[in-house]
2 protein chains.
Amino acid sequence: MTTFTQKSSHIIPVQRRSRIIELIRLKGFISVQELSETVCVSLPTIRRDLASIAKSGIIQRSHGGATLKTNQGTTFEPDYQTAALIAQREKAAIGRLAASRLNNNQSVIFDSSSTVYEAARQAVENNLVLTAVTNDLRIAELLASGPSINLLVSGGSLRQGSYSLFGEPGTSFLQNLHVDIAFIGIHAITKTACCDTSLEVAYIKRYMAMAAEKVIVLADGSKFGAVAFFNAFEFEKSFEIITDSPPSPAIRRSLEKKGVTITLAPVEKY
Amino acid sequence: MTTFTQKSSHIIPVQRRSRIIELIRLKGFISVQELSETVCVSLPTIRRDLASIAKSGIIQRSHGGATLKTNQGTTFEPDYQTAALIAQREKAAIGRLAASRLNNNQSVIFDSSSTVYEAARQAVENNLVLTAVTNDLRIAELLASGPSINLLVSGGSLRQGSYSLFGEPGTSFLQNLHVDIAFIGIHAITKTACCDTSLEVAYIKRYMAMAAEKVIVLADGSKFGAVAFFNAFEFEKSFEIITDSPPSPAIRRSLEKKGVTITLAPVEKY
DNA sequence: ACTTTCTATGATCATTTATGATTAAAATGC
DNA sequence: GCATTTTAATCATAAATGATCATAGAAAGT
């Protein structure tokens, strides 16, 4: 133990790429220069990172920088490595806080969403005694491993490219359901409502919200002000949003006027 | 327990690994360096730990560290995995033959059973174009990976210790369903009927049999003459049994008198 | 009790991978 | 057209990895 290396604050490549993705998602466009300064590596390294990320289809390379890919191609298959990079820390933080809202012997809906997945993971880890309902195959499998969890799967057709179920019989099932809490993941949050990209999915989320005594929307910061066509449900009093970064003041004011609570989950630092 | 170990600072490997998993779940990523400092073991040991954890599928290894795996591919309970190994060759043979009964654009029910799982695997492998219905989470996840498969999940409560769904809304759903073929796994085959160990499961199988134009029962040889309390369905004409070893002459005669076809699947030799 | 195995660990080293510097080519702006 | 910036390619260096080996401690057999 003679030598002493100062590099305790070293960042591994995967982490750096994850930060790059987040920065691009945050700003829409970013230059190679700025990235280099922000994450403190050389230009060639940034270029290599961007090339690697672009290959997985999340971003689009352009001269001098990179942009978010506007057309989220239907057939792009992000390899596990890169898929895991997208806002992993934020999702974990949101999920952790969400799970802390649960008590034993409650009934809970887990919507199909990667953020909600984290909440489910925490719930299993905390050995909570729950009656859980989900329309997501991965979450179902996860919850199945919790010995103290009574699991119901809504049923329906599988949405291509994801693990979520929609349509019958799940839709009717949800309409006759009453639970204590619903964790709902969403694609876009406007001043007054939650929206999603397809009608069927929006319907599912609407019924989930209606079935629950308390609705908790889990969404990372990128969802505020995003665009999506189909209205899932309007915000109502007693709704809560758990997120990692606050929305714009305009959205915030509007939501708070509606009685919606916005809670920030503390994200682990690098 | 005469001796008492004083080394409280020493933790056993399992503890250390679970601590590593915890840390990764907390932060999303972690470097090998940081882990080494945190848990006070050498870098090679950390690498070995990470490799071992990664093999179990919880985390994903990357250069310099590891990340949480969001897309939990096929991570099933170890006890299930060992169960799946029982009579593996026989099940594979039965599944192979069963899958060869399928044609493109058919609708098929896949019952919850490890033998049927093999049939589903073959169907996916053959890139068949199917509308598939299942009440099993593992089969659902498997079929979800088939790009040409339109998947419906019946929904219901999870049976503890397995991955099959029973009860509502799946039961009602199945009653309103009509499909070309149903692959049904069963616990016991008598001279005249198929039986199972629980009433709910028997009901599900009955509805599945009723929904199908053609019923194909998949069962390894041990199921003939086995005992189970609840009658799922009587054999009818045009039912088929695919198995690996023939039943006793008595059972065979009785089944053939009912018009049931018994097909032997050729088991691969070592 | 003693010895033998076996596993876990740490150290060493060759190999692979990531990074930063350099430079020529390409793209952009004027 | 030219000047400037950005890029891709190459190379040398540094870091991380996997493999192998030796040792220490635990578990098991005698």
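Each chain gets a letter, A, B and so on, in the order the sequences are listed, and its residues count up from 1.
- Look at CZ on B/R47: it is 14 Å from P on C/dT17, rounded to the nearest Å.
- Salt-bridge annotation for A/R159 and A/E200: absent, with no side-chain N of the basic residue lying under 4.0 Å from a carboxylate O of the acidic one.
- When heavy atoms are screened at a 4.0 angstrom cut-off, A/S31 is found touching no nucleic acid atom at all.
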Can you pull every protein N or O that's under 3.5 Å from an N or O on nucleotides 18-22 of chain C?
| from | atom 1 | to | atom 2 | distance (Å) |
| --- | --- | --- | --- | --- |
| C/dT19 | OP1 | A/R16 | NH1 | 2.5 |
| C/dT19 | OP1 | A/R16 | NH2 | 3.0 |
| C/dT19 | OP2 | A/R16 | NH2 | 2.9 |
| C/dG20 | OP2 | A/S42 | N | 2.9 |
| C/dG20 | OP2 | A/S42 | OG | 2.9 |
| C/dG20 | OP2 | A/T45 | OG1 | 2.6 |
| C/dG20 | N7 | A/R48 | NH2 | 2.7 |
| C/dG20 | O6 | A/R48 | NH1 | 3.4 |

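- Atom-to-atom distance recorded for B/S164:OG and B/L158:CG is 7.0 Å, nearest 0.5 angstrom.
- Under a 3.5 Å cut-off, the side chain of A/D244 and the backbone N or O of A/G221 do form a donor-acceptor pair.
- Between B/E118 and B/R121, at least one side-chain nitrogen of the basic residue sits less than 4.0 Å from a carboxylate oxygen of the acidic one, meeting the salt-bridge criterion.
- Evaluated for a side chain to side chain contact (heavy atoms under 4.5 Å, CB included) with B/V32, the options B/H63, B/E37, B/R61 yield exactly one hit, B/R61.
- One finds no salt bridge joining B/D220 and B/K91 here, because no Lys/Arg side-chain nitrogen approaches an Asp/Glu carboxylate oxygen to under 4.0 Å.
- Between D/dA15 and B/Q33, no contact under 4.0 Å exists linking OP1 or OP2 to a side-chain N or O.
- Under 4.0 Å is where a charged nitrogen must lie from a carboxylate oxygen, and between A/R16 and A/D49 at least one such pair does.
- Remark on the helix from C/dA1-D/dT30 to C/dC30-D/dG1: inter-end axis angle 40°, axes from five-pair C1' superpositions, rounded to 10°.
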Verdict with reasoning, A/L218 to A/I184, per side chain to side chain contact (heavy atoms under 4.5 Å, CB included): CA-CA 6 Å; A/L218 310 186; A/I184 299 182; over 6 Å; no
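- In terms of phosphate contacts, A/R61 brings a side-chain nitrogen or oxygen within less than 4.0 Å of OP1 or OP2 of D/dT7.
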